[in-house]
> 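Supplied in structure tokens, the structure appears directly below.
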2 protein chains.
Amino acid sequence: MKNSPSKQKVINAASALFFQKGFHGTSVRDIADQASVNVASISYYFNSKQGLLEYAVTNYYEDYLKSIESTLRQSELLTPIEKLQALISTIIQYKQNNFQLTCFIQRELSLDSVFVREMTVTYLAKENFYIRKTFFDAVGSQVKNEYKQYLLMQLKGMLVTPYILHNDWKNQVVGEYSHQIFVKKYVKVIKDWIDFAVFDGLELDKKVAY
Amino acid sequence: MKNSPSKQKVINAASALFFQKGFHGTSVRDIADQASVNVASISYYFNSKQGLLEYAVTNYYEDYLKSIESTLRQSELLTPIEKLQALISTIIQYKQNNFQLTCFIQRELSLDSVFVREMTVTYLAKENFYIRKTFFDAVGSQVKNEYKQYLLMQLKGMLVTPYILHNDWKNQVVGEYSHQIFVKKYVKVIKDWIDFAVFDGLELDKKVAY
DNA sequence: TATTTGTCGAGAAAAAATTGAAGGAATTAA
DNA sequence: TTAATTCCTTCAATTTTTTCTCGACAAATA
């Protein structure tokens with residue numbers, strides 16, 4: 001009987017409220033209200049508020065990494081640069097599909113708690129590994145290491161900004177677009193940036209002489 | 001008798017702890033301990049925990065806008081593109097000087113509370129106005145409006161990512177550098193990006209045909 | 001029918017925020 | 001110098017908020 005309607009209702013409500021008010025800012029009563037279930041259910045399902053958080057976040061990352069790994073497996077025959085594009089597309093896609101949770105986790109991740117550190121070790125290390133490897137494979141050895149590192153940072157920045165400045169982005173850029181259209185457009189923007197940063201501008205000394 | 005040592009000690013401690021554990025995550029006791037003052041002082045100085053927050057954030061933004069306005073005034077005789085560079089430099093400089101508070105505010109800003117909405121109206125609207133105007137002046141009318149908007153979003157993204165991915169950035173990029181060196185280097189990176197995005201790549205249809 | 005599964009309300013227990021009274025230190029005015 | 005005033009700090013008590021547990025009950029399931 002997994003994912004009974006109520007359990008799922010709680011998770012959905014929690015995602016929305018955590019996104020809106022932060023983890024500490026929302027009480028289990030808020031969640032129960034929003035989900036139209038009794039407060040005690042939350043203890044019943046997840047033991048504690050903390051348990052609920054861990055369940056939601058763990059789930060999020062498990063799925064996230066599964067998507068990434070699946071994409072990398074499927075694009076094994078493509079060129080490194082195509083592979084990178086596929087990866088970026090998958091990542092943005094997933095984040096967009098889990099918009100609220102993405103925003104919430106991104107925010108809470110910059111805190112310094114035991115839980116965050118655990119997540120960093122178990123999941124973010126992997127994410128980082130995949131992105132880094134795929135990016136470096138695509139870039140090749142044409143660019144100096146130190147600058148490559150900078151580019152990687154910038155890429156990672158681009159993968160998260162929509163979920164940090166989401167107030168800006170939804171109003172001014174996304175606008176009437178659906179999530180799907182946003183994914184397409186934004187993936188293209190990142191692709192263009194890579195083309196420039198890594199390939200077009202190679203002759204500029206700033207890249208080699210960094 | 002403004003900014004008595006104790007009052008300042010409280011603000012400093014609060015900045016550090018809010019940065020580390022978030023607003024709701026830190027209790028007034030924590031703050032009092034860290035600042036080595038009595039708990040009641042906080043009520044005394046700022047009325048409430050909320051009051052302390054508002055005082056710190058308001059101060060931060062007042063100074064921030066003052067810096068920006070001063071820079072714009074001083075660079076009135078420069079070319080639009082130089083003006084933009086001066087603005088970017090000032091912004092990164094200020095954020096780096098108030099590193100912890102910057103990170104904290106950036107994170108908390110993505111919440112949805114009355115206070116955040118007030119800040120957005122009173123301060124962020126102005127910030128946005130200055131950046132937008134300066135950027136658009138620098139870009140001129142060579143680029144299509146819709147794409148200009150996208151570029152502006154990206155620029156704003158670059159102005160905040162170091163304070164969101166600060167865990168990544170401090171370890172891998174900043175490293176042994178001092179804040180000052182980071183400011184210099186990063187301002188240059190943004191400048192390079194602008195040169196590319198706005199000017200170098202103009203012939204590409206992606207910019208005009210967006 | 002017996003058992004598991006989910007829902008509910010009350011309230012204990014803990015944690016956090018705030019208040020008020022009291023006193024010391026520094027500053028100002030006489 | 002002394003007295004008055006204001007500013008700052010502390011402690012203890014109170015209030016408010018929040019989490020979590022418990023036992024009863026209903027519904028589904030086997």
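Keep in mind the model is a prediction, meaning the values are calculated, not measured. Protein chains get the first letters and strands the later ones, always in sequence-line order, with residue 1 at the start of each. Hydrogens, waters and symmetry mates are skipped; everything else that's a heavy atom, side chains included, is used.
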> Among side-chain atoms of Gln96(A) and Tyr186(A), is any donor-acceptor pair under 3.5 angstrom?
no
> Which part of the nucleic acid, if any, lies within reach of Thr26(A) when heavy atoms closer than 4.0 Å are counted: base, sugar-phosphate only, or nothing?
sugar-phosphate
> Once you round it to whole Å, what is the distance between C1' of dG6(C) and NZ of Lys9(A)?
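Going from Lys9(A) (NZ) to dG6(C) (C1'), I get 11 Å.
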> What is the separation between atom CD on Gln50(B) and atom P on dA16(C), rounded to the nearest whole Å?
17 Å
> dC11(D) phosphate, OP1 or OP2: any side-chain N/O from Asn38(B) under 4.0 angstrom?
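For Asn38(B), the contact criterion (side-chain N or O under 4.0 Å from OP1 or OP2 of dC11(D)) is met.
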> Measure distances between side-chain N and O atoms of Arg29(B) and base N and O atoms of dA17(C), and say whether any donor-acceptor pair falls under 3.5 Å.
yes
> Please tell me which of the listed nucleotides, dC20(D), dT18(C), dC8(C), lies nearest to the side chain of Ser48(B)?
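Out of dC20(D), dT18(C), dC8(C), the nucleotide with an atom closest to Ser48(B)'s side chain is dT18(C).
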> Looking across every strand, which nucleic acid part, if any, lies under 4.0 Å from Ser43(A) by heavy atom: base, sugar-phosphate, or nothing?
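Result for Ser43(A) = base.
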> Sort out for me which residue in Tyr61(B), Tyr64(B), Tyr60(B) forms a ring pair (Phe, Tyr, Trp, His ring centres under 6.0 Å) with Tyr123(B).
Tyr61(B)
> Please confirm whether the backbone N or O of Asn38(B) pairs with a side-chain atom of Ser41(B), one donor and one acceptor, at under 3.5 Å?
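Yes; judged by distance alone, with no hydrogens or angles, the pair exists.
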> With heavy atoms under 4.0 Å as the rule, sort Val37(B) into base, sugar-phosphate or nothing.
sugar-phosphate
> Taking the six-membered ring of Phe23(B), is NZ or CZ of Lys49(B) closer than 6.0 Å to its centre and within 45° of its axis?
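Yes; both conditions hold, so Lys49(B) lies above the ring face of Phe23(B).
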> Starting from P on dG6(C), measure out to CD1 on Ile42(A) and report it in whole angstrom.
15 Å
> Atom CG of Asp33(A) to atom P of dT7(C): distance rounded to whole Å?
15 Å
> Testing Phe136(A), Tyr130(A), Phe129(A) one by one against Lys133(A) for a side-chain contact (heavy atoms from CB on, under 4.5 Å), which residue passes?
Phe129(A)
> In terms of side-chain heavy atoms of Ala40(A), which of dC22(D), dT18(D), dC8(D) is nearest?
dC22(D)
> Expressed as a whole number of angstroms, how long is the span from Tyr45(A):OH to dC8(C):C1'?
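Interatomic distance, OH of Tyr45(A) to C1' of dC8(C): 12 Å.
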> Side-chain N or O of Tyr44(A) versus OP1/OP2 of dC8(C): is the shortest distance under 4.0 Å?
no
> Over how many whole Å does the gap from Lys7(B) atom NZ to dC7(D) atom P extend?
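That distance rounds to 12 Å.
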> I need the CZ-P distance between Phe46(A) and dT5(C), as an integer number of Å.
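It works out to 16 Å between those atoms.
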> I need the CG-C1' distance between Asn47(B) and dG20(C), as an integer number of Å.
14 Å
